[in-house]
Amino acid sequence: MDERYDPARVERAAQDYWNSRQAFAAREDAPGEKYYCLSMFPYPSGRLHMGHVRNYTIGDVLARFMRMNGRNVMQPMGWDAFGLPAENAAMANGVPPAKWTRENIAYMKRQLRSLGFAIDWNREIATCDPAYYRWNQWLFLRMLKKGIAYRRTGVVNWDPVDQTVLANEQVIDGRGWRTGAPIEKREIPMYYLNITAYAEELLGALDGLDGWPERVRAMQANWIGKSTGCEIAFPYADDTSAALGGPGVLKVFTTRADTLFGATFMAVAAEHPVALAAAARDPKLAAFVDECRRGSTMEADVATQQKKGLPTGLHVRHPFTGAPLPVWVANYVLLGYGEGAVMGVPAHDARDFEFASRHDIPIVTVVKSKSGAYARVAAPWIDAYGEPGITVDSGEFSGLESAAAVDAIAAALEARGLGAKRVQYRLRDWGISRQRYWGCPIPLIHCEACGEVPVPDEDLPVRLPEHLVPDGSGNPLAKTPEFVNCKCPKCGRPARRETDTMDTFVDSSWYFLRYACADNERAMVDARAGYWLPVDQYIGGIEHAILHLLYSRFWTRAMRDLGLVTLDEPFARLLTQGMVLNHIYYRHPEGGRRTYHHPADVELRDGRPVLIADGAPVVHDGLGTMSKSKGNGVDPQKLVEEFGADTARLFMMFTAPPEQTLEWSDEGVQGAFRFIRRLWKAVHDHVSQGAADGDFAALGAEHKALRRLTHETLAKITDDLGRRHTFNTAIAAAMELLNAATRVSGADAQGRAVVREALDVIVLTLSPIIPHVTHVLWQSLGHTGALIDERWPKPDPAALLRDEVELVVQVNGRLRGRIRVAAGASEETVRAAALAEENARKFIGEAPVRKVIIVRDKLVNIVV
RNA sequence: GCCGGGAUGGCGGAACUGGUAGACGCGCCGGACUCAAAAUCCGGUUCUGGCAACAGAGUGUGGGUUCGAUUCCCUCUCCCGGCACCA
C-alpha cells in the first residue's frame, strides 16, 4: 500500500467500486429485514451547503451501519424542486425557473455523489416533474370529492404596486420587499385541506411515536392546541339588535367559564360582523377597523403589538345576570381562532387586565386562588390572579372550586340554550392555494355554466408551462392564454383554468411514499410502499419540527382514508439535527451599509478580531447559520477538494452530537484530516511488518489490556451508532483505541495479533462514517471481500473480563482515594479496603463511621 | 408575546439510570527530528496555593432535595429554533 494517504485517489477507487456494482440499489426481494433510511430532500438552491452535508452524512452513517447489521437498506434522494427562490432567481437573471432548477439539480447531484453517500439513485424524484406532481393533482381531486379539500376565502398579502400576492417573508415592516408599498390584506377564494378533522387523531397518536424526540412531540401537541372549554352565547342588547337588523347572540369560547361573572366587557376581531356593523355608523371606528385589518396576521406580530381597542358603543347581555356589557373591537382578537370574540375578564386574565386598565374598564374579582389571600384584584398584575380557585360573587355558583364551577355553569348555560362544553383546537385548516407560478397547478376548471369542474383523470397532469419567466407583477400563468383558456370538461364551452398552484408543503407531504415506487406510471403508490413504509429513520432539521412533519402525518392519513395505504404514521423514528453555524464579522462604516467578512479572513490580535488583509478591527456579531447575506458560508465543494469527503464527513460527525448546533472550525477540519492520516499510517506500519498470525491464548498483561480495550470499544461504538446516535463519542472511542494500539509494544507475534485485531475493529466500525478510506484500508489489511459486504462484528465476552477493578473512595461525598480490589469482591472486602485507605483515614480521623455506601465496581462513600 | 431547546476549561465537546467533572479533538506551552521551516512524534495543559504529596474552588445566576447534583425541583439571566405564504 501507499505510504501516503491520498484522499482523491482513495475516494475514486471506493466510489468506482460501489458504482460499478450498483451497490446501493435497493431491492424488495433482498434478504434481511427492511430498513428505510430517509433524509429530508433538499431544495435545489444551487449548491450544497454544510447543513445538507451534515444531514446526509448522519443518514448515510445509519444506512451503512444497518446494512452491516444485516438489514435490507433503502436510502433514496430527491429534490423539493418547486418554490419561491426559483422565481426570485428568474426575476434577477431572466432565466425560467425550470431551467434554473434543473441545472441546480444536476450540479448538486454531482456534489452529493462526490461525498460518497450510499444512495439508490434509481429512485430519484423531483417534485417539479409532471410524473411526480400529477399525483398531487390526482389525490387533490379525490380529496375534493371526499370533502377533505374544500374552497373558501382566505386572507393574503397584496402589494398594490406590483399587483401581486406576497409571501410573509416578502413583507418587511408592513411593506412590499421590492416596491416598498404598504401591504394590503385581501380576501380571495382559496382551497383548504381539512386537517382539523384529524386534529384529535394527530394529537392522540403522538403518544405512540416513541422513536421521536420528546421536544418535537411537545411542539406538535402545543401546535394542535387542544383545549376543553365552554362556548357561551351573550344575547344582543337592543342597540346591537338594531345595528345588526335583528336579535342574535355573540358567541365566545373560553376555558375559564368559572370567571363568567367577572366579565366586564366583550372584545371582537376587526372583521367580526358586530364590529363591521358598528363601524358602518362610526367613521372613527371604521378607521380603526381598517387599521386592524391592514396589520399583520402573523402570530408573533399580533402577540407583541400594542393592545389597542375602541368601543363599538354596542352592548350584549350577561347570560345569567342580564347586565349589559360593552362590546369593544380589539386588535389582539383574531377572527380565525375560536369565534373571533372573547369575553373580557380583567380580574383573571393578564391580557384582559392590561386592556381593561388602559381603557378604564371595571375589574371584578370572582375567583380567589387557593394560595393568594387577596380580597380584590388590583394593579400590578400577579400570576396568582389567573390561577383557578374558589368562586366568589358569582350568584348561585359562588363557593365552588373552579373546575366544579365550570361544570355547573356549562350545565346551566346548556339548560338555557346559551352555551355548552366544547373542545377547541388551535390548529387551523391548511390553505394550499398559492398565487404563484412555480408550483403544482391545481387541476380545476372554472366554467360560467358548470362552476368548478375537476380536470378529468385522463387529462392529468395539468402541465405547468416551463418557459415562463416571472417578473414580480402577479402570476405569469394568469397572463398565459394557452394555459388559462380551455374547454369545460362538462359542457364543452370555453372556460378558464385555475391559475393558483399548490403550497410546496404538499409536494413534501408524500415524497417518502413515492420513493418506494418512483417508476410506477399507472399509480401513485403500489405494494412496494407497503414493504418499505414506514420510514424507519427520518433525519432532518429541527426547523421542520411542526409544519412539514404535521402535514406529512396528516397527508398519510388522508391517503389511508382514500384506501391508498394502510399506514397511519409515516416516520417511525425521527432524528432532528442541529444547524451548522459560523462566526459573523462585519464593519459598519459611517452612513454606509454593513459589509460582512468571512471568518477565514479574520484573526484575533490581543483578543480582538481584525481583518488579516488590513489589520483593522471588525465587529464580531456572534454565531449564525451559514448564509450568503452574512458572508460566513463554507463551500463543501472546496472542502472535499482540499481534504476529501471522508474528512468532511468525519469533521461533521465528530464536532458535535447530531441534535446540537455545530460550529464550523477550520482547525477542527485539520484535526479530522490528521486522524485519518494517522489511521492510514498505523495500518501502513502494521502491514509493512509482515503477517500477523499470533493467537490470543496466553497474552501478557499489556496485550490483554489492549485486547480488552478493543472489545470494550467495539461494544461502545455499536451502542453509540445503533442506539444513542452519538457519533462524536463513537469516533472519540475509536481515536482512543488507535492511540492505545500504536503505543503497545507489538513486535512479537502476539503483540502483532492484538494490534491487528484493534485495527480491524477501528476500520470496520468507522466505515459508516469514513467509508472511502476504510474501503481501501480493509483491503490493505489483507481482507479479500469488500468492506460494505462485511457483517458488523460482535465483542468477545472472554476479552471483556477483568481481574481487578479500581474503586473510588469518598468521605462525605468528596473524593479522597482509590483502591484496587479483585473483580466481584464481596461488599465486606470492599468496605474493609476502603476504610483502610490511607488518605481516606486522614479524613475520617476520630469520627465514628455512620454509614458506608457501596456502588458496585464504581465507588465507596464513607459517611462520618 | 407564546411554544420548544440550550448554557460545562482558552475553544468544540464528554460524563448514557443521581455516583471519579473535563474523555476525545482543537489551541497553547515545552521537547525530539531538521541547516531551517513545514509535516510528524513525545510530554504538559480547569483555576488558586504548593518543589511535591496534596488541599481549596469550580458545570450561566440564586436557592432547594440528597450520603453524594453537570444530572432532579424552584427562581432569574442570556442565546438559539418555530409561530401557519422561506423551505
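By convention in this document, chain letters (A, B, ...) are assigned in the order of the sequence lines, proteins followed by strands, and residues within each chain are numbered from 1.
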Under 3.5 Å, is there any donor-acceptor pair linking the side chain of A:Gln810 to the base of B:C67?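 There is none.
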Quiz question: going by heavy-atom distance under 3.5 Å, is there a donor-acceptor pair between the base of B:U20 and the side chain of A:Arg818?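 Answer is yes: a donor-acceptor pair is held.
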In terms of side-chain heavy atoms of [X], which of [options] is nearest?
{"X": "A:Asn168", "options": "B:G82, B:G19, B:A84", "result": "B:A84"}
{"X": "A:Ile546", "options": "B:A87, B:C83, B:G82", "result": "B:G82"}
{"X": "A:Glu736", "options": "B:C86, B:G4, B:C24", "result": "B:C24"}
{"X": "A:Val165", "options": "B:G1, B:C85, B:G81", "result": "B:C85"}
{"X": "A:Asn222", "options": "B:A87, B:G4, B:C2", "result": "B:G4"}
{"X": "A:Pro85", "options": "B:C86, B:G81, B:G25", "result": "B:C86"}
{"X": "A:Met735", "options": "B:G25, B:G5, B:A84", "result": "B:G25"}
{"X": "A:Glu543", "options": "B:G82, B:C24, B:U40", "result": "B:G82"}

Taking the same atom, [atom1], in [N] and in [M], what whole-Å distance lies between them?
{"N": "B:G6", "M": "B:C76", "atom1": "C1'", "value": "16 Å"}
{"N": "B:C80", "M": "B:U71", "atom1": "C1'", "value": "22 Å"}
{"N": "B:U8", "M": "B:C47", "atom1": "C1'", "value": "14 Å"}
{"N": "B:A21", "M": "B:A55", "atom1": "P", "value": "12 Å"}
{"N": "B:G1", "M": "B:A14", "atom1": "P", "value": "30 Å"}
{"N": "B:C74", "M": "B:G4", "atom1": "P", "value": "13 Å"}
{"N": "B:A37", "M": "B:G25", "atom1": "P", "value": "26 Å"}
{"N": "B:G27", "M": "B:G22", "atom1": "C1'", "value": "16 Å"}

Once you apply a heavy-atom cut-off of 4.0 Å, does [X] come out as touching a base, just sugar-phosphate, or nothing?
{"X": "A:Met579", "result": "sugar-phosphate"}
{"X": "A:Leu427", "result": "base"}
{"X": "A:Ile853", "result": "base"}
{"X": "A:His544", "result": "base"}
{"X": "A:Ala545", "result": "nothing"}
{"X": "A:Trp223", "result": "base"}
{"X": "A:Gln670", "result": "nothing"}
{"X": "A:Arg428", "result": "base"}
{"X": "A:Val156", "result": "base"}

Looking at [X] and [Y], does any basic side-chain N land under 4.0 Å from a carboxylate oxygen?
{"X": "A:Glu187", "Y": "A:Arg152", "answer": "no"}
{"X": "A:Arg674", "Y": "A:Glu667", "answer": "no"}
{"X": "A:Glu354", "Y": "A:Arg358", "answer": "yes"}
{"X": "A:Glu214", "Y": "A:Arg217", "answer": "yes"}

Classify the ring geometry of A:Trp430 against A:Tyr551: parallel below 30°, tilted from 30° to 60°, perpendicular beyond 60°.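 Correct class here is parallel.
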Fit a plane to each ring of A:His544 and A:His548, take the angle between them on a 0 to 90° scale, and name the class: parallel (under 30°), tilted (30 to 60°) or perpendicular (over 60°).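 Judged by the thresholds at 30° and 60°, the geometry between A:His544 and A:His548 is perpendicular.
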Using the purine O4'-C1'-N9-C4 or pyrimidine O4'-C1'-N1-C2 torsion, is B:G13 syn (within 90° of 0) or anti?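 For B:G13, whose glycosidic angle is more than 90° from 0, the conformation is anti.
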If you draw a 6.0 Å radius around CD in A:Gln163, do more than 12 non-hydrogen atoms from other residues or ligands fall strictly inside?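 Correct, the count exceeds 12.
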In whole angstrom, what separates [X]'s [atom1] from [N]'s [atom2]?
{"X": "A:Glu659", "N": "B:G81", "atom1": "CD", "atom2": "P", "result": "17 Å"}
{"X": "A:Gln220", "N": "B:G5", "atom1": "CD", "atom2": "P", "result": "14 Å"}
{"X": "A:Leu738", "N": "B:C24", "atom1": "CG", "atom2": "C1'", "result": "12 Å"}
{"X": "A:Met219", "N": "B:A84", "atom1": "CE", "atom2": "P", "result": "15 Å"}

Say whether [X] and [Y], considering side chains only, have a donor N or O and an acceptor N or O under 3.5 Å apart.
{"X": "A:Trp79", "Y": "A:Asn104", "answer": "no"}
{"X": "A:Thr726", "Y": "A:Thr729", "answer": "yes"}
{"X": "A:Asp507", "Y": "A:Ser509", "answer": "no"}

State whether the side chain of A:Gln170 and the backbone N or O of A:Ala167 hold a donor-acceptor pair below 3.5 Å, judged by distance alone.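 Flag set: sc A:Gln170 to bb A:Ala167 pair under 3.5 Å.
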Under 3.5 Å, which protein N or O atoms sit close to an N or O of nucleotides 8-16 of chain B? Give each pair with its distance.
| unit_1 | atom_1 | unit_2 | atom_2 | d |
| --- | --- | --- | --- | --- |
| B:G12 | O2' | A:Thr655 | O | 2.8 |
| B:G13 | O3' | A:Asn728 | ND2 | 3.4 |
| B:A14 | OP1 | A:Asn728 | ND2 | 3.1 |
| B:A15 | OP1 | A:Arg724 | NH1 | 3.4 |
| B:A15 | OP1 | A:Arg724 | NH2 | 2.4 |
| B:C16 | O2 | A:Arg723 | NH2 | 2.6 |
| B:C16 | N3 | A:Arg724 | NH1 | 3.3 |
| B:C16 | N4 | A:Lys716 | NZ | 3.0 |

Among residues 856-864 of chain A, which residues get a heavy atom nearer than 4.0 Å to RNA chain B?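 Within this stretch, A:Lys858, A:Leu859, A:Asn861, A:Val863 sit under 4.0 Å of the strand.
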Strand-adjacent residues in residues 500-508 of chain A, judged by heavy atoms under 4.0 Å from RNA chain B: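 Those residues are A:Thr504, A:Phe505.
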Quick check on [N]: is either OP1 or OP2 less than 4.0 Å from any side-chain nitrogen or oxygen of [X]?
{"X": "A:Arg674", "N": "B:A38", "value": "no"}
{"X": "A:Arg215", "N": "B:G5", "value": "no"}
{"X": "A:Arg436", "N": "B:C85", "value": "no"}

What pairs of residues pass the salt bridge (Lys or Arg N to Asp or Glu O under 4.0 Å) test when at least one of them lies in residues 714-725 of chain A, not counting sequence neighbours?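 As it turns out, the salt bridge (Lys or Arg N to Asp or Glu O under 4.0 Å) pairs with a partner in residues 714-725 of chain A, which skip direct neighbours, are A:Lys716-A:Asp720, A:Asp719-A:Arg723, A:Asp720-A:Arg724.
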So among A:Phe505, A:Phe512, A:Trp510, which one has a side-chain contact (heavy atoms from CB on, under 4.5 Å) with A:Ser508?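 So, applying the side-chain contact (heavy atoms from CB on, under 4.5 Å) to A:Ser508 and each of A:Phe505, A:Phe512, A:Trp510, only A:Phe505 qualifies.
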What one-letter contact string describes nucleotides 50-57 of chain B from 5' to 3', where B marks a base within less than 4.0 Å of any protein heavy atom, S marks contact via sugar-phosphate atoms alone, and - marks no contact? -----SSS
Give me the one residue out of A:Asp503, A:Thr501, A:Asn475 that meets side chain to side chain donor-acceptor pair (under 3.5 Å) with A:Arg434.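 Running side chain to side chain donor-acceptor pair (under 3.5 Å) over A:Asp503, A:Thr501, A:Asn475 with A:Arg434 returns exactly one hit, A:Asp503.
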Is the NZ or CZ atom of A:Arg677 both under 6.0 Å from the centre of the six-membered ring of A:Tyr5 and within 45° of that ring's axis?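 No.
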Regarding A:Arg426 and the six-membered ring of A:Trp223, is the cationic atom NZ or CZ under 6.0 Å from the ring centre and inside 45° of its axis?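 Pair A:Arg426/A:Trp223 counts as cation-pi.
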How does RNA chain B look in dot-bracket notation if pairs are Watson-Crick or G-U with both distances under 3.5 Å, crossing ones as [ ], other-strand ones as |? (((((((..(((......[....)))((((((.......))))))((((....))))..(.(((..]....))).))))))))....
